[in-house]
Asker: 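Pasting a structure below so you can have a look.
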Amino acid sequence: MRTRPLKVALLGCGVVGSEVARIMTTHAADLAARIGAPVELAGVAVRRPDKVREGIDPALVTTDATALVKRGDIDVVVEVIGGIEPARTLITTAFAHGASVVSANKALIAQDGAALHAAADEHGRDLYYEAAVAGAIPLIRPLRESLAGDKVNRVLGIVNGTTNFILDAMDTTGAGYQEALDEATALGYAEADPTADVEGFDAAAKAAILAGIAFHTRVRLDDVHREGMTEVTAADFASARRMGCTIKLLAICERAADGASVTARVHPAMIPLSHPLANVREAYNAVFVESEAAGQLMFYGPGAGGSPTASAVLGDLVAVCRNRLGGATGPGESAYAALPVSPMGEVVTRYHISLDVADKPGVLAQVATVFAEHGVSIDTVRQSGKDGEASLVVVTHRASDAALGGTVEALRKLDTVRGVASIMRVEGE
Ligand SMILES: NC(=O)c1ccc[n+]([C@@H]2O[C@H](COP(=O)([O-])OP(=O)(O)OC[C@H]3O[C@@H](n4cnc5c(N)ncnc54)[C@H](OP(=O)(O)O)[C@@H]3O)[C@@H](O)[C@H]2O)c1
């Protein structure tokens, strides 16, 4: 074993960074044996230097992250600050000064992954970010390495623990959205401002990263169609249950049937209770991967939290240190397929549409005609009503999002349709 240690700069010592530092210290001997050299924490950059940080030598703490990454003797920079700046500049500066980088920063990788990979390549360094998608769950490495010889056709995942906690609470207790959100906030599963989670921004960043890696193509954050889950109601759950389904906020990355394009989207969807993702409870994450040769694979576990996320960061740290000792770099960006990302209108799936209609003869025929005119074939219809008002629940066969959109627009124009109560996609069948 090499006795000269590999030097690690830790940028950020919050929820994740403090756990990274703790595990580096408590498992130092094991990490050294696995890497083939000891790893030394050479500096810790934070915003508030006076905060007491258990287990961290105060002499290592600095507010000057730039000076730390420019030192020139740092082998690996671990970026767990989050956000776009200063993280982006610190990472590119680290490459320019000879360090490899491990990051947990989904927002930055989703937005600037291509440029950061190019900077890593330019300097012959590694950029690893297993922790950026689904916390502790090994996902980036299985997609990048274990499945490198296969052809992934679909990635379907629950990649946001907060929204899964809320939807699970609505499903199991019958609570409405606000009540379930309040519970999630009280228990620490939702942040004071939950927008990034409940509006699907966090999941969309992860979908962009997953789609890019799975399909060897560049998928930008703007390419991901995003709908939040704040409009999901207790009535939607009741409808889902009648169909033998539940509702999850899903990140769905798909290769088109002809293989010539891909799509990436995040939205709430009904999935059958028999689907493995339906049983992912509370704040857990899971990702279902369908590939040509391997078939169906499921990755499951804690998608956030200091210690689980630090586990993924440490796994990357070991890999990057091994590469460094071997004078090599691991796999970089793989975007050779350069497939176009199709717009949402081209996505094909099934739909559950709930309509408030007048309770009089001929309404069902009128509604059915509108579906037929737009080429959307109906699978089942359920009608109930009294006192002149009725509700119609239509479940369709597979149709394009554009065709469904046209259908709904035409339905809204019918005198007999009082309103479109909800539209939910049906996935996982
Ligand atoms: N928390 C999770 O469960 C989780 C899961 C997966 C991925 N991630 C990702 O991990 C990253 C870190 O998340 P976190 O939850 O650990 O965040 P956090 O608890 O807010 O910690 C952020 C750390 O960065 C430091 N910091 C902020 N601005 C800085 C600056 N300009 N210069 C130097 N240090 C600065 C903060 O310093 P002070 O301590 O002085 O405030 C703090 O130590 C994010 O990219 C996040 O998306 C987190």
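All residue numbers in this chain count up from 1 along the given sequence. Atoms within each ligand, like the ligands themselves, are counted from 1 in listed order.
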Asker: Looking at Glu54, I'd like to know if its CD atom is crowded, meaning that more than 12 non-hydrogen atoms belonging to other residues, nucleotides or ligands lie closer than 6.0 Å.
Answerer: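 No, the 6.0 Å shell around CD holds no more than 12 heavy atoms from other groups.
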Asker: Apply side-chain contact (heavy atoms from CB on, under 4.5 Å) to Leu116 and Ile109, showing your working.
Answerer: CA-CA 8 Å; Leu116 292 174; Ile109 302 295; 4.3 Å; yes
Asker: Take atom CD of Glu145 as the centre, draw a 6.0 Å sphere, and report whether it contains more than 12 heavy atoms from other residues, nucleotides or ligands.
Answerer: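 Counting other residues, nucleotides and ligands, CD of Glu145 exceeds 12 neighbours.
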Asker: Check the side chains of Asp64 and Thr62 for a donor-acceptor pair under 3.5 angstrom, ignoring hydrogens and angles.
Answerer: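 Per modelled atom types, Thr62 and Asp64 side chains form no pair under 3.5 Å.
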Asker: With atoms numbered from 1 as shown, which atoms in ligand 1 lie under 4.0 angstrom from a non-hydrogen atom of Lys106?
Answerer: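 Result: 7 (C), 47 (O).
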Asker: Could you see which bit of Ile81 sits under 4.0 Å from ligand 1, with heavy atoms only: side chain, backbone, both or neither?
Answerer: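 Under 4.0 Å from ligand 1, Ile81 contributes backbone and side-chain atoms.
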Asker: Does ligand 1 have an atom that lies less than 4.0 angstrom from a heavy atom of Arg53?
Answerer: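 Arg53 counts as a contact of ligand 1 under the 4.0 Å cut-off.
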Asker: For the backbone of Glu282 and the side chain of Tyr189, can you confirm whether one donor and one acceptor N or O come within less than 3.5 Å of each other?
Answerer: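 Side chain of Tyr189 to backbone of Glu282: no pair is present.
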Asker: So which protein heavy atom does atom 6 (C) of ligand 1 come closest to, and at what separation?
Answerer: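 In this structure, atom 6 (C) of ligand 1 has Thr309 CG2, 3.5 Å as its nearest protein heavy atom.
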Asker: So between Val44, Val61, Val46, whose heavy atom ends up nearest atom 34 (N) of ligand 1?
Answerer: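 It is Val46 whose heavy atom sits nearest to atom 34 (N) of ligand 1.
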Asker: Does the protein place a non-hydrogen atom closer than 4.0 angstrom to atom 20 (O) of ligand 1?
Answerer: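 There is no protein heavy atom less than 4.0 Å from atom 20 (O) of ligand 1.
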Asker: Nearest to atom 12 (C) of ligand 1, what protein heavy atom do you find, and at what distance?
Answerer: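 Ranked first by proximity to atom 12 (C) of ligand 1 is Val80 O, 3.3 Å.
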Asker: Looking at Tyr129, does the NZ or CZ of Arg144 lie under 6.0 angstrom from its six-membered ring centre and within 45 degrees of the ring axis?
Answerer: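 The answer is yes, since Arg144 meets both limits relative to Tyr129.
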Asker: Apply ring-ring contact (aromatic ring centres under 6.0 Å, His included) to residues His397 and Phe371 and explain how you reach the verdict.
Answerer: CA-CA 11 Å; His397 287 295; Phe371 276 88; over 10 Å; no
Asker: Which residue holds the protein heavy atom closest to atom 37 (O) of ligand 1, what is that atom called, and what is the gap in Å?
Answerer: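 Closest protein heavy atom to atom 37 (O) of ligand 1: Arg47 N, 3.1 Å.
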Asker: Would you mind running through ligand 1 and noting each atom that sits below 4.0 Å from a heavy atom of Ala131?
Answerer: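 Here the atoms of ligand 1 in question are 6 (C), 7 (C).
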Asker: With a cutoff of 4.0 Å, is Leu11 in contact with ligand 1, counting heavy atoms of the residue only?
Answerer: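 False for this residue.
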Asker: If you count the atoms of ligand 1 from 1 in the order shown, which ones are under 4.0 Å from a heavy atom of Gly12?
Answerer: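 Taking each heavy atom of Gly12 in turn, ligand 1 has 23 (C), 24 (O), 25 (C), 43 (O) under 4.0 Å.
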Asker: Among all protein non-hydrogen atoms, which one is nearest to atom 44 (C) of ligand 1, and what is the separation to 0.1 Å?
Answerer: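 In this structure, atom 44 (C) of ligand 1 has Gly82 CA, 3.5 Å as its nearest protein heavy atom.
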Asker: Just go through Arg48, Glu19, Glu85, Lys51 and tell me whose heavy atom is the nearest to atom 40 (O) of ligand 1.
Answerer: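 Heavy atom nearest to atom 40 (O) of ligand 1 belongs to Arg48.
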Asker: Check each atom of ligand 1 against the heavy atoms of Gly305 and keep those under 4.0 Å away; list them by number with element.
Answerer: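 Per the distance check, 2 (C), 3 (O).
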Asker: Cut-off 3.5 Å, side chains only: do Asp236 and Ser422 have a donor facing an acceptor?
Answerer: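 Indeed, the side chains of Asp236 and Ser422 share at least one donor-acceptor pair under 3.5 Å.
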Asker: Just need the protein heavy atom nearest to atom 15 (O) of ligand 1, so name the residue and atom and give the distance.
Answerer: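 Ranking protein heavy atoms by distance from atom 15 (O) of ligand 1, first comes Val15 CB, 3.5 Å.
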Asker: Should you measure from each heavy atom of Cys13, which atoms of ligand 1 turn up under 4.0 Å away?
Answerer: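 By the 4.0 Å cutoff, the relevant atoms are 23 (C), 42 (C), 43 (O).
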Asker: Any N or O of Gly135 that comes nearer than 3.5 Å to an N or O of ligand 1?
Answerer: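 By distance alone, the answer is no.
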Asker: Among all protein heavy atoms in this structure, tell me which lies nearest to atom 46 (C) of ligand 1, with the distance rounded to 0.1 Å.
Answerer: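 Residue, atom and distance for the closest contact: Ala104 O, 4.1 Å.
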Asker: Hey, which atoms in ligand 1 end up nearer than 4.0 Å to a heavy atom of Pro86?
Answerer: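 Every atom of ligand 1 under 4.0 Å from some heavy atom of Pro86: 31 (N).
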Asker: With ring pair (Phe, Tyr, Trp, His ring centres under 6.0 Å) as the rule and sequence neighbours excluded, what pairs involving residues 252-293 come up?
Answerer: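 Passing the test, one end in residues 252-293: His275-Phe288, Tyr284-Tyr300.
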Asker: Quick one: which residue pairs count as a side chain to side chain donor-acceptor pair (under 3.5 Å) with a foot in residues 102-113, not counting sequence neighbours?
Answerer: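 Only Glu79-Ser103, Glu79-Asn105, Arg88-Asp112, Lys106-Asp202 qualify under side chain to side chain donor-acceptor pair (under 3.5 Å).
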Asker: What's the shortest distance from atom 48 (C) of ligand 1 to any protein heavy atom, and which residue and atom give it?
Answerer: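 In this structure, atom 48 (C) of ligand 1 has Val16 CG2, 3.5 Å as its nearest protein heavy atom.
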Asker: Pick one: which of Glu290, Glu292, Arg255 meets side-chain hydrogen bond (donor to acceptor under 3.5 Å, both in side chains) with Asn153?
Answerer: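 Single side-chain hydrogen bond (donor to acceptor under 3.5 Å, both in side chains) partner of Asn153 among Glu290, Glu292, Arg255: Arg255.
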Asker: Using a strict cut-off of less than 4.0 Å between a Lys/Arg side-chain nitrogen and an Asp/Glu carboxylate oxygen, indicate whether Arg324 and Asp126 qualify as a salt bridge.
Answerer: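 Salt bridge flag = no for Asp126 with Arg324.
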